[in-house]
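So the structure is just underneath, and the comments pick up after that.
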Amino acid sequence: MDAHDPRVPRLEVSNRRPGGWFARSLRVLWVLGLVGIISAGATGVGAYIYYAQDLPPLENFETMETYQPTRFEAADGQLVGQWSDGKQIAVRWDQLPRELILALMAAEDKSFFFHQGLDITGILRAVYTNLMAG
């Protein structure tokens with residue numbers, strides 16, 4: 001029997017999606033992108049949980065001593081020396097002049113007061129710059 005014989009019943013798939021290989025490729029890329037986003041989110045949450053263990057508790061934040069001598073350590077972690085000029089003074093935020101705070105914020109992040117903690121535009125710009133630089 002020949003495949004072109006009209007007596008041979010033709011097999012027809014009725015639930016096949018239209019679009020061919022291009023549409024299938026786009027669907028596969030969409031699924032891979034979704035899996036990548038979920039994986040990145042899970043990795044971010046895991047990294048936060050891992051590194052948050054070493055952070056001091058917020059209850060002690062106001063009384064925490066921040067001025068300590070600078071420690072010089074060898075590659076193996078052994079203390080080589082310490083240095084301190086003894087002029088370090090702990091200052092609360094409300095004791096700093098407003099102009100100093102604004103100057104520091106402007107130098108670090110000019111849009112600090114206009115985003116919710118993450119400057120998405122700045123992050124995307126940095127990712128683009130790093131990708132172009134290799």
Side-chain angles (χ1 to χ4, degrees):
M1 290 179 111
D2 186 17
H4 298 291
D5 188 356
R7 292 175 293 174
V8 176
R10 294 188 60 189
L11 178 64
E12 192 172 310
V13 179
S14 61
N15 65 347
R16 188 172 188 175
R17 291 183 179 163
W21 67 271
F22 185 72
R24 279 193 304 267
S25 299
L26 286 179
R27 282 192 296 274
V28 168
L29 286 176
W30 187 84
V31 169
L32 289 175
L34 189 61
V35 168
I37 289 171
I38 292 170
S39 299
T43 301
V45 168
Y48 173 78
I49 290 171
Y50 177 77
Y51 288 111
Q53 296 173 5
D54 295 335
L55 296 175
L58 289 178
E59 304 87 51
N60 303 337
F61 189 72
E62 292 296 325
T63 60
M64 187 170 62
E65 273 197 36
T66 57
Y67 49 92
Q68 297 174 354
T70 303
R71 297 172 47 93
F72 298 98
E73 297 178 354
D76 62 358
Q78 183 179 2
L79 182 64
V80 175
Q82 292 183 344
W83 178 81
S84 175
D85 61 4
K87 297 179 184 176
Q88 299 169 342
I89 301 170
V91 179
R92 293 189 322 268
W93 276 105
D94 59 0
Q95 293 175 315
L96 295 174
R98 185 173 192 278
E99 292 79 14
L100 176 63
I101 294 172
L102 293 176
L104 290 172
M105 291 300 127
E108 290 297 322
D109 183 3
K110 67 181 176 185
S111 61
F112 179 79
F113 294 106
F114 303 106
H115 57 71
Q116 299 296 320
L118 289 177
D119 183 10
I120 301 299
T121 307
I123 292 171
L124 292 176
R125 184 176 53 247
V127 167
Y128 175 77
T129 302
N130 288 339
L131 287 176
M132 292 299 115

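The chain is numbered in sequence order, starting from 1. No experiment lies behind these values; they were computed from the predicted model shown.
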Discussion item. Once side-chain contact (heavy atoms from CB on, under 4.5 Å) is applied, do any residues pair with A74, and if so which ones, sequence neighbours excluded?
Written reply: D76, V80
Item to complete: Using the test side-chain contact (heavy atoms from CB on, under 4.5 Å), find all partners of D54 that sit at least two apart in sequence or belong to another chain.
Response: none
Worksheet entry | Spatial distance of atom CD1 (I37) from atom CG (L32) [nearest 0.5 Å] | 11.5 Å
Fill in: Qualifying residues under side-chain contact (heavy atoms from CB on, under 4.5 Å), relative to T43, sequence neighbours excluded
none
Worksheet item: Is it the case that more than 12 heavy atoms not belonging to F72 sit under 6.0 Å from its CZ atom?
Response: yes
Worksheet entry | Same cluster (ILVMFWY, side-chain, under 4.5 Å), V35 and V28 | no
Worksheet entry | With L100 via side-chain contact (heavy atoms from CB on, under 4.5 Å) - residues at least two apart | L96, P97, L104
Worksheet item: To which residues is L29 joined in a hydrophobic cluster, defined by side-chain heavy-atom contacts under 4.5 Å among Ile, Leu, Val, Met, Phe, Trp and Tyr, whether direct or through other members?
Response: none
Fill in: Results of side-chain hydrogen bond (donor to acceptor under 3.5 Å, both in side chains) for E73 - residues two or more places apart only
R71
Item to complete: Inspect the surroundings of CD in Q78 and state if more than 12 heavy atoms from other residues, nucleotides or ligands are less than 6.0 Å away.
Response: no
Worksheet item: Are I38 and W30 linked, directly or through other ILVMFWY residues, by side chains that come within less than 4.5 angstrom of each other?
Response: yes
